[in-house]
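Written out below as structure tokens is the structure these notes cover.
Every number for a ligand or one of its atoms is a count from 1 in the order of the listing. These numbers were taken from a predicted model, which means no experiment stands behind them.
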Amino acid sequence: MATEPAHVLVTGAAGQIGYALVPMIARGVMFGPDQPVILHMLDIPPAAEALNGVKMELVDAAFPLLKGVVATTDVVEACTGVNYAVMVGGFPRKEGMERKDVMTKNVSIYKSQASALEKHAAANCKVLVVANPANTNALILKEFAPSIPEKNITCLTRLDHNRALGQISERLNVQVCDVKNAIIWGNHSSTQYPDVNHATVCGKPVRELVADDEWLNGEFIKTVQQRGAAIIKARKLSSALSAASSACDHIRDWVLGTPEGTWVSMGVYSDGSYNVPAGLIYSFPVTCANGDWKIVQGLSIDEFSRKKLDLTAEELSEEKTLAYSCLS
Ligand SMILES: NC(=O)c1ccc[n+]([C@@H]2O[C@H](COP(=O)([O-])OP(=O)(O)OC[C@H]3O[C@@H](n4cnc5c(N)ncnc54)[C@H](O)[C@@H]3O)[C@@H](O)[C@H]2O)c1
Ligand SMILES: O=C(O)C[C@H](O)C(=O)O
């Protein structure tokens, strides 16, 4: 029997991440080579013409898996019947801006789009928030879409996870696919904690292979934390191809499962694991199976790491307060 197409919403689809992401989805990068898709692309009226141009290019590319394209500025039309929602729409950070600067504009978008998803998306719709502040936008979406199960609302920290793998692979001159089980804890911001205490290369501990704690506890962490800003400085635009590719990795692993013995980082609703306050969307190490994620339990956390886990949790609590003040 032919597989039913998955309906996939991409908001902000006329933007730069959207432009990189929609062909990846249409080519099977997000759901695999056997899953047909119907793309629902949403943007705002000033971007309507550009959005239609993206639709024209999707038609021209003749992707065999692409069974339809909805390109619209109507949020209800965009959200109707979607099985997956990749929320990229919003205002990106520009050079010199802190992520908090984009908060006011973006959280109100997430409040109103939460209601549209709650009313019109398919039951059990899975949501990935990419737009910054990603964790807090996801939290706002969760709070204003109470009928969507909280386990279905996540945010993107896979880009940071992949950045950590990339830095270790460059430092050790090994294949990036051999580096496993890094962790991004906390916020998708410069307080995130990239942790390699449990990471391995072909089964050997990264810390032993690198044999330079000063670098791992200093420059490595800072490089991953600041990578988004470094890309903005270099491109004068925020990361797009790596963000799109990591969004595909996030959903693919969530839906199709993580490989045996491997975990990934996802921003998910905290249940209090690792003494992270419940009620925040926080990045944890997770494994996925049967369409569900599960926080990896029982990892040892040393004193250095504990402080870093707490610091990024504090920032998220402050963002939550600020977000609510922006909405009131
Ligand atoms: N979590 C991550 O790892 C990560 C990485 C990179 C970028 N980002 C964030 O992703 C977001 C998008 O980045 P970009 O570079 O594609 O920006 P962009 O400005 O190129 O595109 C954003 C698009 O969103 C649209 N938009 C604005 N308001 C909207 C609304 N209410 N509904 C639907 N669409 C709307 C804009 O018209 C635009 O087309 C930014 O917030 C950026 O900071 C997150
Ligand atoms: O840091 C940013 O604002 C851009 C983006 O979130 C990134 O990590 O590349």
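By the criterion of a heavy-atom distance under 4.0 Å, the side chain of H188, and not its backbone, is placed next to ligand 2. Neither the backbone nor the side chain of I231 comes within 4.0 Å of ligand 2, counting heavy atoms alone.
Looking only at distances, no side-chain donor or acceptor of T200 sits under 3.5 Å from a matching main-chain atom of P205. At distances below 3.5 Å, at least one donor-acceptor pair connects side-chain atoms of W263 with backbone N or O atoms of A182.
The shell of residues lying under 4.0 angstrom from ligand 1, judged by heavy atoms, excludes R158. Contact between Y19 and ligand 1 is absent, with no heavy atom of the residue lying under 4.0 Å from the ligand.
The distance criterion of under 3.5 Å between nitrogen or oxygen atoms is not met by A47 with respect to ligand 1. Taking only nitrogen or oxygen atoms, main chain and side chain alike, S238 does not reach within less than 3.5 Å of ligand 2. Considering backbone and side-chain N/O of D160, none are found under 3.5 Å from N/O of ligand 2.
Between the side chains of D160 and T157, no donor N or O sits under 3.5 Å from an acceptor N or O.
The aromatic rings of F304 and Y193 stand perpendicular to each other, their planes meeting at an angle above 60°, with 30° marking the opposite boundary.
Distances from atom 31 (N) of ligand 1 to the heavy atoms of L237, V75, I109 put I109 nearest. The closest non-hydrogen atom to atom 30 (C) of ligand 1, taken over I44, L51, V129, comes from I44. In the candidate list N137, V130, N106, V130 is nearest to atom 44 (C) of ligand 1, counting heavy atoms. Nearest to atom 3 (O) of ligand 1 by heavy atom, out of H188, M41, Q113, is H188.
Heavy-atom contacts of A243 reach the following atoms of ligand 1: 5 (C), 6 (C) (cutoff under 4.0 Å).
Looking only at protein heavy atoms, the nearest one to atom 26 (N) of ligand 1 is G90 N, 3.6 Å.
Under 4.0 Å is where a charged nitrogen must lie from a carboxylate oxygen, and between R171 and D212 at least one such pair does.
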